[in-house]
Amino acid sequence: MCGGVQFKHEGKTLKVYFPDPQAVLPVRLKTGGHVLLPWGRREGETGALPVGGWARHESILAGKWDRFFPKPVRLDLKRLWRKTIRARATGTP
């Protein structure tokens, strides 16, 4: 699971981690550039989506997310950090 990302926004390199309630992701626009959108939902936050910051591709294909009308998007990321079994973060460019 991805626990953090790195991307450029307005000339600055940002590192964002999912546990931060202000976490956003840079969703690429068809017209160029990107827009920052909230990343998931945490315990105690209001909203219609389930708590969490990701959905397994298999569960989307199986229709488990259909009631939320999922749409594929592209993210403008430079790097991501995955959680490993040993609970260490590993960076992937």
Measuring from K64:NZ to R56:CZ, what's the distance to the nearest 0.5 Å?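 K64 NZ to R56 CZ: 10.0 Å, rounded to 0.5 Å.
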
If you round to the nearest 0.5 Å, how far is CG of L14 from CZ of F7? 5.0 Å

P70 and I60: which non-hydrogen atoms are nearest, and at how many Å?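 For P70 and I60, the tightest heavy-atom pair comes out as CG-CG2, 4.5 Å.
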
Mind listing the closest non-hydrogen atom pair of E45 and G40 along with its distance?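 So the two residues come closest at OE1-O, 4.2 Å.
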
Test log, rule side-chain contact (heavy atoms from CB on, under 4.5 Å), inputs K78 and T13: CA-CA 9 Å; K78 299 293 180 199; T13 298; over 6 Å; no

Quick one: salt bridge (Lys or Arg N to Asp or Glu O under 4.0 Å) pairs with a partner in residues 7-27, sequence neighbours left out? none

Looking at residues at least two apart in the chain, or sitting in another chain, which of them share a ring pair (Phe, Tyr, Trp, His ring centres under 6.0 Å) with F18?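 Once residues adjacent in sequence are excluded, the partners of F18 under the ring pair (Phe, Tyr, Trp, His ring centres under 6.0 Å) criterion are W39, W54.
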
Checking V16, V5, L37 against L25 for side chain to side chain contact (heavy atoms under 4.5 Å, CB included), the one that qualifies is V5

Residues in side-chain contact (heavy atoms from CB on, under 4.5 Å) contact with [X], at least two apart in sequence or another chain:
X: P50; result: W65, F68
X: R28; result: R74, D76
X: L29; result: T31, V35

If the condition is side chain to side chain donor-acceptor pair (under 3.5 Å), which residues does R41 pass it with, not counting sequence neighbours?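 Expected list: none.
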
